[in-house]
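Only one structure is covered here, and it is reproduced in the block below.
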Amino acid sequence: MTTPTARETVLGRIRDALALAPAPDTVIPRTYRTGRALPDGERLALLTARLVDYRATVHPCTADRTAEVVAGILNERGARRIGVPDGLDERWLGAYDGEVRRDSADVPAPSLDALDGVVTASAVSCAETGTIFLDGSPDQGRRALSLVPDLHVCVVDLSSVVAGVPEAVARLVPERPTTLISGPSATSDIELERVEGVHGPRTLAVVIRTDA
C-alpha cells in the first residue's frame, strides 16, 4: 500500500471537513448603486480626464471625421503596418495609406508583434473609472490583438459611455470574453519606477466620437 504524501493527507482532511460541515447560509448583497446618468458633456469630460490621468491620449471628433483622426494618429506614430479585427468598419481606415492586416484565429499570436499598431472598436466605457471594455465582438477582435501590438487606437462612441461600473457591467454579455483597459499597460519595478508596455500596449489613443 502506497503511503500518502503530506500534500495528499492535508487535502484529504480538508475534503473530509468540508463534507461534514453544514453549508453556510450566505446572502450576497446586491444593493449596488445603479441607474446613474450624466449629460453627454459631463460623461465626455469625466472619461477624458480619467484617460489623460492614465497617460492615454484622447481625440474627440464627430463620426464623419473618424477616418481622418484615426489616420492622423497612426501616421503621427509612424505605424505603417496595422492589424484590425475582421469586423471593423472599413470606412474608419479610408484615410490611412499603410498596410492593413485583418486578424483571425488562424494568425499565430506571436506574429502580432510584427504589427506597428492595432485599431479596434469598443463595447462600453465607464466615465467614472476611465475604463474601456472590449467584449470580443467582430469589431473588437480577440484579446491578443489588443494586447500584443505596441499601439492601440480604440474608437469609442459617446453613446456607449456610461457613468459608473454597475451601468457598464449591465451592458455586457456575461458569456463574452471581456478585456478592461484603463490607459496604456503599466506597472512598477522593484524601485517603484513606472514601466509601460509590459503587459500590453505602451501607447493608448482613444478616439471618442461625440455624435455616435
Side-chain angles (χ1 to χ4, degrees), residues 47-48 50-61 65-126 129-157 160-161 172 176-189 193-209 212:
L47 178 62
T48 299
R50 294 289 190 266
L51 288 170
V52 169
D53 190 50
Y54 296 149
R55 301 191 186 183
T57 60
V58 180
H59 308 264
C61 69
R65 294 188 60 236
T66 305
E68 172 192 345
V69 173
V70 168
I73 295 168
L74 294 172
N75 291 332
E76 180 184 357
R77 298 287 177 178
R80 303 309 302 159
R81 183 189 301 112
I82 66 166
V84 299
D86 193 47
L88 192 76
D89 191 332
E90 293 183 356
R91 294 173 296 179
W92 294 1
L93 305 172
Y96 176 65
D97 60 0
E99 179 184 349
V100 177
R101 296 185 179 180
R102 293 272 169 182
D103 189 45
S104 74
D106 298 328
V107 177
S111 70
L112 298 175
D113 193 44
L115 300 173
D116 298 320
V118 57
V119 179
T120 75
S122 56
V124 63
S125 298
C126 172
T129 62
T131 305
I132 300 170
F133 297 73
L134 308 185
D135 69 359
S137 293
D139 59 358
Q140 295 156 56
R142 55 178 172 160
R143 180 172 287 128
L145 180 64
S146 62
L147 293 181
V148 176
D150 203 46
L151 165 67
H152 183 188
V153 179
C154 188
V155 179
V156 172
D157 290 345
S160 71
V161 179
L172 297 172
R176 299 197 65 85
T178 304
T179 302
L180 280 63
I181 303 170
S182 293
S185 168
T187 187
S188 295
D189 63 17
E193 293 292 332
R194 180 183 172 97
V195 181
E196 296 179 347
V198 178
H199 308 297
R202 192 185 314 272
T203 302
L204 173 65
V206 183
V207 178
I208 303 179
R209 309 197 314 162

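Computed over heavy atoms, backbone and side chain alike; hydrogens, waters and symmetry mates excluded. The first residue in the sequence is number 1, and the count goes up from there. The structure displayed is predicted, hence computed values, not measured ones.
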Over all atoms of both residues, closest heavy-atom pair of [X] and [Y]:
X: L134; Y: A121; answer: CD2-O, 3.3 Å
X: S185; Y: G200; answer: OG-N, 3.1 Å
X: Y96; Y: R80; answer: OH-C, 3.1 Å
X: A95; Y: A67; answer: CB-O, 3.7 Å

Mind checking the [atom1]-[atom2] spacing from [X] to [Y]? Nearest 0.5 Å is all I need.
X: R142; Y: D86; atom1: CZ; atom2: CG; value: 11.5 Å
X: T120; Y: L145; atom1: OG1; atom2: CG; value: 7.5 Å
X: R50; Y: S182; atom1: CZ; atom2: OG; value: 10.5 Å
X: I181; Y: S122; atom1: CD1; atom2: OG; value: 8.5 Å
X: I132; Y: S146; atom1: CD1; atom2: OG; value: 10.5 Å
X: L204; Y: D150; atom1: CG; atom2: CG; value: 11.5 Å

Notebook entry, point to check: Is a donor on one side and an acceptor on the other found under 3.5 Å between the side chain of R176 and the backbone of G136?
Noted result: yes
Item checked: Check: D139 side chain, G87 main-chain N or O, donor-acceptor pair, under 3.5 Å -> no
